[in-house]
Amino acid sequence: MTDETLKTTPLNAAHRAAGARMVGFGGYDMPVQYEGVLAEHRWTREHAGLFDVSHMGQCKITGDDAIAQFERFVPGDYEILKTGKQKYSLLLNAEGGIMDDLMAGKPDHDGLYVVVNAGNKDADFAFLQANLAGDAKLTILADRALLAIQGPEAAEVMAQHEPLLAEMGFMECARLMLFGCDCFISRSGYTGEDGYEISVPADQAERVWNTLLQDARVKPIGLGARDSLRLEAGLPLHGHDIDASTSPVEGALTFALSKSRKERADFNGADRVLKELADGPSRIRVGLSVKEGAPAREGAEIADADGNIIGNVTSGGPSPTLGRNIAMGYVPPAFAGLGTELKVVVRGKPAAAEVIATPFVAQRYYRKPKA
């Protein structure tokens with residue numbers, strides 16, 4: 001895809017003015033780094049990183065039938081979700097494969113607010129448009145931008161603009177006036193750190209971006225550090241770690257399967273998902289510590305201790321926080337036990353690896369103390 005055909009976010013000029021190195025991602029011209037991936041990764045872990053994620057797809061699904069219709073294609077229970085809450089879920093095809101992973105919540109009383117991945121959004125929206133029935137209505141929010149502020153100082157930064165945000169817990173959301181404009185905001189993100197995602201009108205995005213960057217605790221962060229952060233957090237990237245052929249069980253995402261929905265078995269691909277839950281899948285996503293040699297990147301083969309090829313790496317690289325190489329990939333369940341010694345084949349050379357627990361780096365989401 002050439003620069004001429006790439007789409008741009010409302011913050012494109014701001015990125016270029018800040019000296020960002022731009023790359024094509026998800027069909028968009030996006031900043032991969034400003035001062036460097038390592039520095040930006042560490043800044044987010046220690047302070048507050050500001051990300052442009054406006055390439056993601058935002059929509060609302062409204063109407064009396066909105067939730068019932070949405071639940072046909074996701075395995076989460078949204079009927080019981082309270083206003084002010086959101087949850088992670090999976091858009092499944094008829095075979096139980098993950099068409100996309102998404103966030104959906106109830107920031108107000110007007111249906112569901114949904115965020116999907118950039119590279120899949122056109123297909124997702126077309127699928128929902130074609131398959132939602134009854135009075136369920138899909139409204140694509142093409143006139144909005146999306147920012148994410150992530151890191152241990154994010155809450156303090158945001159509380160200066162709206163004190164109530166400090167009281168918001170992980171996976172809570174709201175619609176409110178913020179920065180003088182109509183915003184959807186959730187305490188969530190995809191870095192493993194505490195933080196917020198803020199949906200703002202597109203014509204206000206640059207003003208909000210610059211306002212946040214006036215705080216010395218906040219720096220702009222590119223997609224390079226976003227990827228290394230989400231890898232350390234053990235979070236899958238659609239199109240790499242999961243795709244339309246992967247089931248939630250294979251993808252080690254069974255936490256997204258609500259008990260009530262499994263009992264009702266009334267979502268796309270339920271037969272396959274329930275069979276794999278009962279009998280086990282043929283492969284499963286695992287975390288790997290790569291003990292020697294170069295990083296094992298996407299596509300590297302995984303071998304057992306005897307050198308037999310048993311799977312593939314789906315994402316991997318150096319962990320700035322841990323100071324060693326890590327990866328995620330798929331292996332048969334017999335090789336998925338913690339501590340299993342494996343090998344990764346990088347540039348034709350086998351290197352020692354070990355199955356370890358994810359997240360590789362502890363997630364630091366803010367959860368409210370239980371009353």
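Both backbone and side-chain heavy atoms feed into the values below; hydrogens, waters and symmetry mates do not.
- Panel note: side chain N120, backbone D124; no donor-acceptor pair is recorded below 3.5 Å.
- Checked for salt-bridge contact, R272 and E250 meet the test: a charged N lies under 4.0 Å from a carboxylate O.
- A salt bridge links R264 and E71; the closest N-O separation between the charged side-chain nitrogens and carboxylate oxygens is under 4.0 Å.
- Heavy atoms only, all atoms of each residue included: A265 and L274 are closest at CB-CD1, 3.6 Å.
- A donor-acceptor pair under 3.5 Å is formed between the side chain of D304 and the backbone N or O of G307.
- In this pair, W209 and H15 present their aromatic rings perpendicular. The plane angle is above 60°, beyond the 30 to 60° band.
- In the model, S188 has a side-chain atom that pairs as donor or acceptor with a side-chain atom of Q86 under 3.5 Å.
- Atoms CZ and CG, on F267 and L92 in that order, are 7.0 Å from each other to the nearest 0.5 Å.
- Ionic pairing of K343 and E301 is not present here: no N-O contact between side-chain nitrogen and carboxylate oxygen is shorter than 4.0 angstrom.
- Put simply, the side chain of W43 gets close to the backbone of A48: a donor and an acceptor are under 3.5 Å apart.
- Between F70 and Y78, the ring centre distance stays below 6.0 Å.
- Side-chain atoms of D64 do not come within 3.5 Å of backbone N or O of D135 as any donor-acceptor pair.
- Remark: the backbone N or O of T9 is not paired with any side-chain donor or acceptor of H55 at under 3.5 angstrom.
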request  = Check step by step if side chain to side chain donor-acceptor pair (under 3.5 Å) holds for H238 and D243.
outcome  = CA-CA 6 Å; H238 196 276; D243 59 30; over 6 Å; no

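- Counting heavy atoms from C-beta outward, C59 and T139 have side chains that stay 4.5 Å or more apart.
- Taking the six-membered ring where tryptophan is involved, the planes of F127 and F73 are perpendicular, since the angle between them exceeds 60° and thus also 30°.
- R217 pairs by the salt bridge (charged side-chain N to carboxylate O under 4.0 Å, His left out) definition with E156, D215, not counting sequence neighbours.
- In this model, no donor atom of one side chain and acceptor atom of the other lie less than 3.5 Å apart for H240 and T314.
- Side chains of M158 and L212 form a contact here, defined as non-hydrogen atoms less than 4.5 Å apart.
- If you check the side chains of Y34 and E40, you find no donor sitting under 3.5 Å from an acceptor.
- The closest side-chain heavy-atom distance from P10 to S54 is below 4.5 Å.
- By the 4.5 Å heavy-atom criterion applied to side chains, R297 and V346 are not counted as neighbours.
- In terms of heavy atoms, L141 sits closest to K60 at CD1-CG, 3.8 Å.
- When the shell of 6.0 Å around CZ of R207 is examined, it contains more than 12 heavy atoms from other residues, nucleotides or ligands.
- Scanning all heavy atoms of the two residues, the minimum distance from R261 to V74 falls at NH1-O, 2.8 Å.
- The local environment of CG in D182 is crowded, with over 12 non-hydrogen atoms from other residues, nucleotides or ligands closer than 6.0 Å.
- Looking at heavy atoms from C-beta onward, V345 lies in side-chain contact with I309 at the 4.5 angstrom threshold.
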request  = Apply ring-ring contact (aromatic ring centres under 6.0 Å, His included) to the pair F170 and Y366, showing each step before the final yes or no.
outcome  = CA-CA 5 Å; F170 179 57; Y366 173 70; 9.7 Å; no

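- Using a cut-off of 4.0 Å between Lys/Arg side-chain N and Asp/Glu carboxylate O, D100 and K121 are scored as not salt-bridged.
- How far OG of S89 is from CZ of F255: 9.0 Å, rounded to the nearest 0.5 Å.
- Side chain of Q363 to backbone of Y365: no donor-acceptor contact under 3.5 angstrom is found.
- Summarising the geometry of L128 relative to I61, their closest heavy-atom pair is CD1-CD1, 4.4 Å, with the distance given to 0.1 Å.
- Judged by the 6.0 Å and 45° rule, R230 forms no cation-pi pair with Y190.
- Taking both residues in full, the closest heavy atoms of P332 and I310 are given as CD-O, 3.4 Å, listed atom of the first, atom of the second, then distance.
- When atom types are taken as modelled, the side chain of Q33 and the backbone of G224 share no donor-acceptor pair closer than 3.5 angstrom.
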message = Does R324 form a side chain to side chain donor-acceptor pair (under 3.5 Å) with S319? I'd like the steps, not just the answer.
response = CA-CA 6 Å; R324 54 190 167 88; S319 164; over 6 Å; no

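- Judged as a side-chain hydrogen bond (donor to acceptor under 3.5 Å, both in side chains), and not counting sequence neighbours, the contacts of E172 are K85, K368.
- Without hydrogens or angle criteria, N117 side chain to D101 main chain gives a donor-acceptor distance under 3.5 Å.
- Put simply, the side chain of T246 reaches to within 4.5 Å of the side chain of R283, judged on heavy atoms.
- With respect to the salt-bridge test (charged N to carboxylate O, under 4.0 angstrom), the residues K291 and E354 qualify.
- At most 12 non-hydrogen atoms from other residues, nucleotides or ligands lie less than 6.0 angstrom from NZ of K137.
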task = Apply side-chain contact (heavy atoms from CB on, under 4.5 Å) to the pair E197 and F184, showing each step before the final yes or no.
result = CA-CA 8 Å; E197 292 197 342; F184 296 106; over 6 Å; no

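- With 3.5 Å as the limit, one finds a donor-acceptor pair spanning the side chains of D241 and S315.
- L102 CG to K87 NZ: the interatomic distance, rounded to the nearest 0.5 Å, is 11.5 Å.
- In this structure, L342 and V355 have side chains that are in contact, with non-hydrogen atoms separated by less than 4.5 Å.
- Q58 and S199 share a side-chain donor-acceptor pair at under 3.5 Å.
- In terms of heavy atoms, P75 sits closest to L90 at CD-O, 3.3 Å.
- How far CD1 of I198 is from CZ of R187: 12.0 Å, rounded to the nearest 0.5 Å.
- Looking at heavy atoms from C-beta onward, N312 lies out of side-chain contact with I302 at the 4.5 angstrom threshold.
- Put simply, CD1 on I98 and CG on N268 are 12.5 Å apart, with the number rounded to the nearest 0.5 Å.
- Contact check on E232 versus R45 returns a salt bridge, with a Lys/Arg side-chain nitrogen under 4.0 Å from an Asp/Glu carboxylate oxygen.
- For the pair Y28 (side chain) and A118 (backbone), a donor-acceptor distance under 3.5 Å is absent.
- Between the N12 side chain and the T8 main chain, no donor and acceptor come within less than 3.5 Å of each other.
- Taking the charged nitrogens against the carboxylate oxygens, R16 and D29 do have a contact shorter than 4.0 Å, which makes a salt bridge.
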inquiry  = For a side-chain contact (heavy atoms from CB on, under 4.5 Å) check, start with the C-alpha distance between L146 and V115, then their side-chain angles and the critical distance, and finish with the verdict.
reply    = CA-CA 10 Å; L146 190 64; V115 179; 4.0 Å; yes

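- One finds no salt bridge joining R72 and D65 here, because no Lys/Arg side-chain nitrogen approaches an Asp/Glu carboxylate oxygen to under 4.0 Å.
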ask   = Can S260 and D77 be said to form a side chain to side chain donor-acceptor pair (under 3.5 Å), step by step?
value = CA-CA 7 Å; S260 61; D77 193 337; 2.6 Å; yes

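- The CD atom of E193 lies 12.0 Å from the CD1 atom of I149; values are rounded to the nearest 0.5 Å.
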